[in-house]
Visitor: 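Handing you a structure now.
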Amino acid sequence: MTPAGSAPPLWVVGDVHGVPGKLRALLRGAGLIGEDAGWTGGAAHLVFLGDYLDRGPDGAEVVRLVRALEVQAPRAGGRVTALLGNHEVMLLGARRFGSRRRDPSGLREYWLENGGQPADLERLDDADLAWLAARPALARAGRWLLVHADSPLYLELGESVEAVNAAVRRRLGGDDPQAWAQLAGAFAARFAFAEPGGEALVTAMLSTFGGQRLAHGHTPVALLGGGWSSAGPGEPLTYRGGRCVALDSAMSSREDAGFMARLGPRGVEAVVALGQAAGPGLRALHFGA
């Protein structure tokens, strides 16, 4: 239960990439779903940072679980926000242009080369695809700015959360394969917040879109320097003076990988992580309130 006058818990999940069993285990560990996968999170706000599919065995099941929770959570006073990831853009582009005799942008080949799973495209129905195309590119939750990618793309698309989301919707509604390819390529950029000049970019993101801290997925924590320990799959990586938190646990890449985090005004408050067996065992890591 959320104390009167306080903000509801904010739980954030990075790139799931088609591993629904791990996602369910993490959500149960955080108390957000029950054994039947129905919402039990009360007033909590659950945010997915995109990349629901590709690479793993069943992206369609992940999409349908997220969609179901998005409907169920408000009935209990909660909320689910599901952002757009670059893999959704790639899959939607492959769907729209892949059947054409000539696709000069090579969208389908690009998708397949980056872990695209034809089975996902076969299992997703028209309602699933429309839902994916309607995902916002970024969102605000209290002091947090939530984005999929550590990329400068967002600043190139608009000067407010609403403007960026509208710009992305327009592009995904267009029929120019080159425009789709440009969006997919810019969305795939990574390391922009960690590289030289990244501090100024983070400052620009927060001053433009609002918020005091930024959470992103897209680039696995291990690639950003968090590394993998022998004790488990890792934790979110906080960097840039505490203003950035990376949350891609690469859960489709290693059997023991997978975590989600509860974020608060001062940063990461708690982490629920899969045990080394990647089964029902979970580690709960609590940080300062």
Visitor: Any non-hydrogen side-chain atom of Lys22 less than 4.5 Å from a side-chain atom of Val16?
Guide: no
Visitor: Answer whether the closest heavy-atom distance between the side chains of Val245 and Val12 falls below 4.5 Å.
Guide: no
Visitor: Do Asn165 side-chain atoms and Leu138 backbone N/O form a donor-acceptor pair below 3.5 Å?
Guide: yes
Visitor: Please check this pair: side chain of Trp144 against backbone of Gly264, looking for a donor-acceptor N/O pair closer than 3.5 Å.
Guide: yes
Visitor: Verify, without hydrogens or angle tests, whether Glu61 (side chain) and Pro20 (backbone) share a donor-acceptor contact under 3.5 angstrom.
Guide: no
Visitor: State, with a plain yes or no, whether a side-chain heavy atom of Trp11 is found less than 4.5 Å away from one of Val272.
Guide: yes
Visitor: Is the count of non-hydrogen atoms from other residues, nucleotides or ligands lying under 6.0 Å from Glu156 atom CD greater than 12?
Guide: yes
Visitor: Of the non-hydrogen atoms in Pro57 and Val19, which two are nearest, and what is the gap between them?
Guide: CD-CG1, 3.9 Å
Visitor: Counting distance only, does the side-chain N/O of Asp150 pair as donor-acceptor with the main-chain N or O of Phe191 below 3.5 Å?
Guide: yes
Visitor: Verify salt bridge (charged side-chain N to carboxylate O under 4.0 Å, His left out) between Arg55 and Asp120, making sure each step is shown before the conclusion.
Guide: CA-CA 10 Å; Arg55 296 185 179 155; Asp120 284 345; over 6 Å; no
Visitor: To the nearest 0.5 Å, what is the distance between CD (Gln182) and CG (Leu153)?
Guide: 11.5 Å
Visitor: Can you list everything that forms a ring-ring contact (aromatic ring centres under 6.0 Å, His included) with Phe209? Sequence neighbours excluded, please.
Guide: none
Visitor: Begin with the C-alpha distance, continue with both residues' side-chain angles, and end with the deciding distance and a verdict on side-chain contact (heavy atoms from CB on, under 4.5 Å) for Arg108 and Leu112.
Guide: CA-CA 6 Å; Arg108 183 174 179 84; Leu112 291 170; 4.1 Å; yes
Visitor: For Val147 and His218, what are the C-alpha separation, side-chain angles and deciding distance, and is it a side-chain contact (heavy atoms from CB on, under 4.5 Å)?
Guide: CA-CA 9 Å; Val147 303; His218 187 55; over 6 Å; no
Visitor: Please name the pair of heavy atoms, one in Trp131 and one in Glu70, separated by the smallest distance, quoted to 0.1 Å.
Guide: NE1-OE1, 2.8 Å
Visitor: Would you say the side-chain atoms of Asp248 pair up with the backbone N or O of Gly14, donor to acceptor, closer than 3.5 Å?
Guide: no
Visitor: Is the side chain of Ser207 donor-acceptor paired with the backbone N or O of Ala204 at a distance under 3.5 Å, no angle test?
Guide: yes
Visitor: Quick one: closest heavy-atom pair of Arg143 and Pro265, and the distance?
Guide: NH1-CB, 3.5 Å
Visitor: Can Arg123 and Asp128 be counted as an ion pair, charged N to O under 4.0 angstrom?
Guide: no
Visitor: For the backbone of Gly85 and the side chain of Arg135, can you confirm whether one donor and one acceptor N or O come within less than 3.5 Å of each other?
Guide: no
Visitor: If you round to the nearest 0.5 Å, how far is CG of Asp36 from CZ of Arg24?
Guide: 11.5 Å
Visitor: Got Leu53 and Leu132 here, is their nearest side-chain heavy-atom distance under 4.5 Å?
Guide: yes
Visitor: Do you know which two heavy atoms are closest between Met251 and Asp15, and how far apart they sit?
Guide: CG-O, 3.6 Å
Visitor: Give me the atom names and distance for the closest heavy-atom approach of Ala257 to Ser249.
Guide: CB-O, 3.4 Å
Visitor: Let me know which of Leu10, Leu263, Val80 forms a side-chain contact (heavy atoms from CB on, under 4.5 Å) with His45.
Guide: Leu10
Visitor: Backbone N or O of Ala149 within a donor-acceptor pair of the Tyr154 side chain at under 3.5 Å?
Guide: yes
Visitor: With a 4.5 Å heavy-atom cut-off, do Asn114 and Asn86 have their side chains touching?
Guide: no
Visitor: Could you grab the distance from atom CG of Leu32 to atom CG of Leu26, nearest 0.5 Å is fine?
Guide: 10.0 Å
Visitor: Quick one: pull up CG in Leu49 and CG in Leu84 and give me the separation to the nearest 0.5 Å.
Guide: 11.5 Å
Visitor: How close do Val202 and Cys244 get, counting heavy atoms only, and between which atoms?
Guide: CG2-SG, 3.5 Å
Visitor: Nearest 0.5 Å please: distance from the CD atom of Glu88 over to the CG atom of Asp54.
Guide: 7.5 Å
Visitor: In Å, rounded to the nearest 0.5 Å, how long is the span from CG of Leu224 to OG1 of Thr238?
Guide: 11.5 Å
Visitor: Got Asp125 and Arg64 here, is their nearest side-chain heavy-atom distance under 4.5 Å?
Guide: yes
Visitor: When you look at Trp180 and Leu172, which way does the side-chain contact (heavy atoms from CB on, under 4.5 Å) test go after all the steps?
Guide: CA-CA 7 Å; Trp180 275 75; Leu172 295 184; 3.6 Å; yes
Visitor: Report the C-alpha distance between Asp175 and Arg96 in whole Å, list the side-chain angles of each, state the deciding distance to 0.1 Å, and finish with yes or no for side-chain contact (heavy atoms from CB on, under 4.5 Å).
Guide: CA-CA 8 Å; Asp175 203 36; Arg96 177 165 296 208; 3.8 Å; yes
Visitor: Please confirm whether the backbone N or O of Ala30 pairs with a side-chain atom of Arg28, one donor and one acceptor, at under 3.5 Å?
Guide: no
Visitor: Evaluate the side-chain proximity of Phe187 to His148: yes if any heavy-atom separation is below 4.5 Å, no if none is.
Guide: yes
Visitor: Indicate yes or no: at least one non-hydrogen side-chain atom of Leu201 is less than 4.5 angstrom from one of Leu155.
Guide: yes
